[in-house]
Structures are given as C-alpha cells and as structure tokens.
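Working notes, beginning with the structure itself.
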Amino acid sequence: MIKNNKKYRVLVAAENYPGNPNGKNVSHQFVHVRNASYKASGVDVTVLNFSSENDYMFEGLPVICPRTYTEQKGQFDVLIFHQPNLKHAVPFCLKNSDDFKSFIFFFHGHEVLKLSVSYPKPYSYCKDNYLAVKTRDVYDDIKFVVLRQFFSKVKAKSHFVFVSGWMYDEFKKWLKVDDSFLGNRARIIPNCIADEFENNSYDCRCEKTYDFITVRGNLDTSKYAVDLVIETARSNPDYSFLVVGKGRIFEHFGKPENLFWLDMTLSHSEITRYLNEARFALMPTRTDAQGLMMCEMASFGIPLITSDISVCREVMAGFDNVALVSNDSFSKDAITASKKLFPKSGSFSPFSKRNTIEREIRLIDEAIEERAEC
C-alpha cells in the first residue's frame, strides 16, 4: 500500500456503516474496506453515517452522525459520497459545498438505475404490489432528472467513480447523457477484493466435499439466479452442490437431494475455507454492477462458472479459471464448461488493492492538487 504523507482530511459519507449502534444491519462493508486502507496509507478519514443518531468508533475509524457534522463544518478537504441519492447527497452537497475543496462520488448500482427495468423480475413470492412498483418508477424518473442537474452543477469540482464500465454505461443511459457530460471527470475503478482472497490461494490438493459451491447473502434476490443453481443440481444428480446464504427460496423451488444448504452468512475467512472444500464455484447472475463475490472467488483461484452477460464479460476478462455460460442453458452447459476449467494460474488480480485502492488514493491527491491550483 502506498504511503500518503500529505496532510488533509477526508469525510466519507454513506447511508449506513458497519458497527451502527442503532441496530440497522446494512453493513456497507465495501465502504469500510476502502476507508481502512485509506487510513493505513496515512489519509485522515472520518465517516459520516446518515443512519446513525450517535457517534461511535469502528475498528479505529471515527463515525459521526449528521448532528455532529454541523459542529465540524469546514474541517474537511474532500467529501467522498458513496451511492449518492436524493434524500441526503443532493441536499447535503448543495448546502455544504463551500466546506469542501472537492467531491468524489462512487456509483455502485441502484442509485442510478431504473430498478423495474435494470433488475430482473423478482421471484413471485417476493413481488411488490402494483402501487409500490409504480411509485418506485416515478421516484426513479424524478431521480434521474434531479441527479443530472445536480451533477452538472457540481462537476467542475467533482470526480465520478464507477465500479465497472457497465455501471458507467447505465449511468449515461438513464441520466440521458453522453461521454462529454463528465468527460475526464469519470473513472472506472472496481471494488477491491478482501484481504482473505488477495493474500491466499485456492488449494486444489485438499480433499473436496462438494463439486460446486454457491455463496450469496440473500438467496431470494432473483438477480443472483439461485433458481438456476437449483435447476442445475436437479438436472445433474450425480454431482453435489453447496449453497450458502439466507432466504426462503427452497420453500418455493424445492431442494434437490444432492444440494446441501447452509442457512447462514459467512465471514471472508469462512468463505475461503468452504471454497477449498469445493471443486468449482457456481455463481450465475442476471444483473450485476461488478459482482464482487465472483471477483473475489476468481481472484482466489477456484475454477468458476458464471453467466455470459456484459458485466461478467468485462470484469472476468483475463481470468483463465472462469467460464461464462448462457443463462438460457445454464443447467446443461455449466457442467460441460466445468470439465474444461482449472485453478487460476498466477497471482495477479485486477481487483487487488494495488489496482483499486491505490488508484483511489491517487485520485484523492489529484482532487486536492487540482483545486489548489484554482
């Protein structure tokens, strides 16, 4: 990790953050991984958690509530806002614009997507009612107009980071802008993988308990296509499948006898242990801004089968241990594809801290220096 000897303070804003004492469970761990690395490099980081009513410390980082920010106005150089929205990002940035030399906005997914179109239809047992869907559609349409106007207003002092080229294309599509709108203010920097996947490698020599493993936080989210995993297991009874995650999907799709289910969430170290117990990772998807879990698995080195969609073609390019299979024939072609796969050769990953976090730190430096010249 590069060392940053410059003296400046960064405020990182998010809707929620790990360690929130208010009992809200949205972790936003992908934000914390960055912040911890920023701090390790020498950047002075404070987190603004809009969902917390009180200040707290989390793994050495100060997390403040909105009330406390008013007491610290003017003490920060750069504002980094993850998943900018209408509720907090727009009013906060407009009200406090003069308090920061520069803004950096990170786009991870839903914040600039039309959810009813960009995401696949939910499973029938998870469907919202008609009014809720239409209300969300109206909100999304308003969101695009307001964000386009807002970003146009602040882009001269801002940088915009997208976790994939697909995410940037969706941004332009839904906000109805082209490349000239952001110009050289836009960057593609993917989320980094966790240390457990970067510093360790898949052990192909140890005894295997399962043929295929699938790890998802929420099994009921249709974009993660766990139904395709169930179909694959049912169509291939001679193979064993492990699915890890929480949800009700097996109540509705059934659970084949050759599919084993861990109804729990795992730590990163636990995930790597289970990956070493399987021959292949099976990670179909219908929509992803990046697909961090499959990026972590591919970087770890386990042979991986995922879906042949645009974002997977983008982020999996260069991995010789990954096969892309059409969702239309996934249950049949996944098995065939696995027979041609081997563990990853080499240790390079485009999702290492060197290729992600260090680029973000250089961007923070650039944002500071750029405004100093104004």
Side-chain angles (χ1 to χ4, degrees), residues 1-2 12 14 16-20 25-41 43 45 47 58-61 63 80 82-83 106-109 161-164 167 188-203 213-218 221 224 242-246 262 264-278 280-283 285 288-304 306 311-312 315-316 318-319 321-322 343-344 346-361:
M1 182 65 67
I2 60 175
V12 179
N16 212 330
Y17 202 74
N20 190 344
N25 295 320
V26 179
S27 71
H28 282 61
Q29 187 68 26
F30 58 89
V31 181
H32 179 65
V33 169
R34 287 174 165 85
N35 294 341
S37 297
Y38 295 166
K39 179 184 177 184
S41 76
V43 177
V45 180
V47 180
F58 183 73
E59 296 183 354
L61 286 172
V63 184
I80 296 176
H82 286 271
Q83 299 176 310
F106 278 80
F107 300 90
H108 299 274
V161 179
F162 301 86
V163 296
S164 65
M167 185 76 258
I188 310 298
I189 305 177
N191 289 302
C192 72
I193 57 176
D195 289 342
E196 288 83 354
F197 302 97
E198 181 172 355
N199 299 331
N200 299 286
S201 298
Y202 175 68
D203 186 354
I213 182 173
T214 301
V215 180
R216 293 299 192 186
N218 183 357
T221 302
Y224 293 140
L242 174 65
V243 173
V244 181
K246 303 188 73 65
L262 285 181
M264 60 191 300
T265 56
L266 302 177
S267 67
H268 288 146
S269 60
E270 289 171 330
I271 292 174
T272 59
R273 178 166 63 84
Y274 277 104
L275 291 180
N276 280 325
E277 293 184 13
F280 305 94
L282 197 63
M283 298 289 285
T285 179
D288 259 309
Q290 177 188 340
L292 179 57
M293 186 75 256
M294 70 177 178
C295 294
E296 291 179 322
M297 290 179 174
S299 299
F300 182 62
I302 187 172
L304 181 144
T306 187
V311 69
C312 295
V315 301
M316 294 289 100
F319 281 97
N321 58 317
V322 175
K344 181 168 74 76
S347 59
F348 172 80
S349 170
F351 312 109
S352 67
K353 285 186 171 60
R354 178 180 296 277
N355 295 301
T356 56
I357 297 293
E358 291 191 10
R359 290 171 62 194
E360 294 176 16
I361 293 172

| For the atom pair CD (Q83) and CZ (F106), what is the distance rounded to the nearest 0.5 Å? | 11.5 Å
| request: Work out which heavy atom in G60 is nearest to a heavy atom in K39; give both atom names and the distance. | output: O-NZ, 2.8 Å
| Separation of S201 OG from K344 NZ (nearest 0.5 Å) | 6.5 Å
| query | What is the distance from atom CE of M283 to atom CD of E296, rounded to the nearest 0.5 Å? | reply | 9.0 Å
| note | On a heavy-atom basis, the closest approach of P350 and N355 is O-CB, 3.3 Å
| task | Carefully, step by step, assess Y274 and V215 under the rule side-chain contact (heavy atoms from CB on, under 4.5 Å). | result | CA-CA 10 Å; Y274 277 104; V215 180; over 6 Å; no
| note | Test side chain to side chain contact (heavy atoms under 4.5 Å, CB included), reference I271, set I213, T265, N276, L266, output is L266
| message | For F351 and F319, take the angle between the two ring planes, folded into 0 to 90°, and tell me which bin it lands in: parallel under 30, tilted 30 to 60, perpendicular over 60. | response | parallel
| said: Less than 3.5 Å apart, any donor N or O on the side chain of N35 or Y17 sitting next to an acceptor on the other? | reply: yes
| Can you check side-chain contact (heavy atoms from CB on, under 4.5 Å) on V33 and C192, steps first, answer last? | CA-CA 8 Å; V33 169; C192 72; 3.4 Å; yes
| Minimal non-hydrogen separation, L61 against A36, with atom names | CD1-N, 4.0 Å
| request: Could you tell me the separation between the CD atom of E277 and the OG1 atom of T272, rounded to the nearest 0.5 Å? | output: 10.5 Å
| said: If you apply the rule side-chain contact (heavy atoms from CB on, under 4.5 Å), what do you find for V163 with F107, and how did you get there? | reply: CA-CA 7 Å; V163 296; F107 300 90; over 6 Å; no
| Candidate pair K353 and D195, rule side-chain contact (heavy atoms from CB on, under 4.5 Å), full reasoning | CA-CA 9 Å; K353 285 186 171 60; D195 289 342; 2.4 Å; yes
| message | Under the criterion ring pair (Phe, Tyr, Trp, His ring centres under 6.0 Å), I'd like the reasoning laid out for F30 against H32: C-alpha separation, chi angles, the key distance, then a yes or no. | response | CA-CA 6 Å; F30 58 89; H32 179 65; over 10 Å; no
| task | Would you mind reporting whether Y202 and P303 have side-chain heavy atoms less than 4.5 Å apart? | result | yes
| Any side-chain heavy atom of V315 sitting closer than 4.5 Å to one from M294? | yes
| query | So do the side chains of F348 and R354 get within less than 4.5 Å of each other, counting heavy atoms only? | reply | no
| said: Is any side-chain heavy atom of E198 closer than 4.5 Å to one of S299? | reply: no
| query | Is there side-chain contact between F300 and N200, with heavy atoms separated by less than 4.5 Å? | reply | yes
| query | CG of N321 to CE of M316: how many Å apart, nearest 0.5 Å? | reply | 8.5 Å
| task | Using side chain to side chain donor-acceptor pair (under 3.5 Å) as the criterion, list what pairs up with S269, not counting sequence neighbours. | result | S267
| said: For A298 versus L304, what's the shortest heavy-atom pair and its separation? | reply: N-CD1, 4.1 Å
| query | N16 side chain to H28 main-chain N or O, any donor-acceptor pair under 3.5 Å? | reply | no
| query | Are side-chain heavy atoms of M167 and Q290 found at a separation under 4.5 Å? | reply | no
| Atom of P190, atom of R359 and distance for their closest heavy-atom approach | CD-NH1, 4.2 Å
| Within-4.5 Å side-chain heavy-atom neighbours: T285 and R216 | yes
| query | Which heavy-atom pair separates G109 from A289 by the least distance, and what is that distance? | reply | CA-CB, 4.2 Å
| field | Validation row: H108, N191 side chains within 4.5 angstrom (heavy atoms) | value | yes
| request: With rounding to the nearest 0.5 Å, note down the distance linking CE in M293 to CG in D288. | output: 12.0 Å
| T214 side chain vs L282 backbone, donor-acceptor pair below 3.5 Å | yes
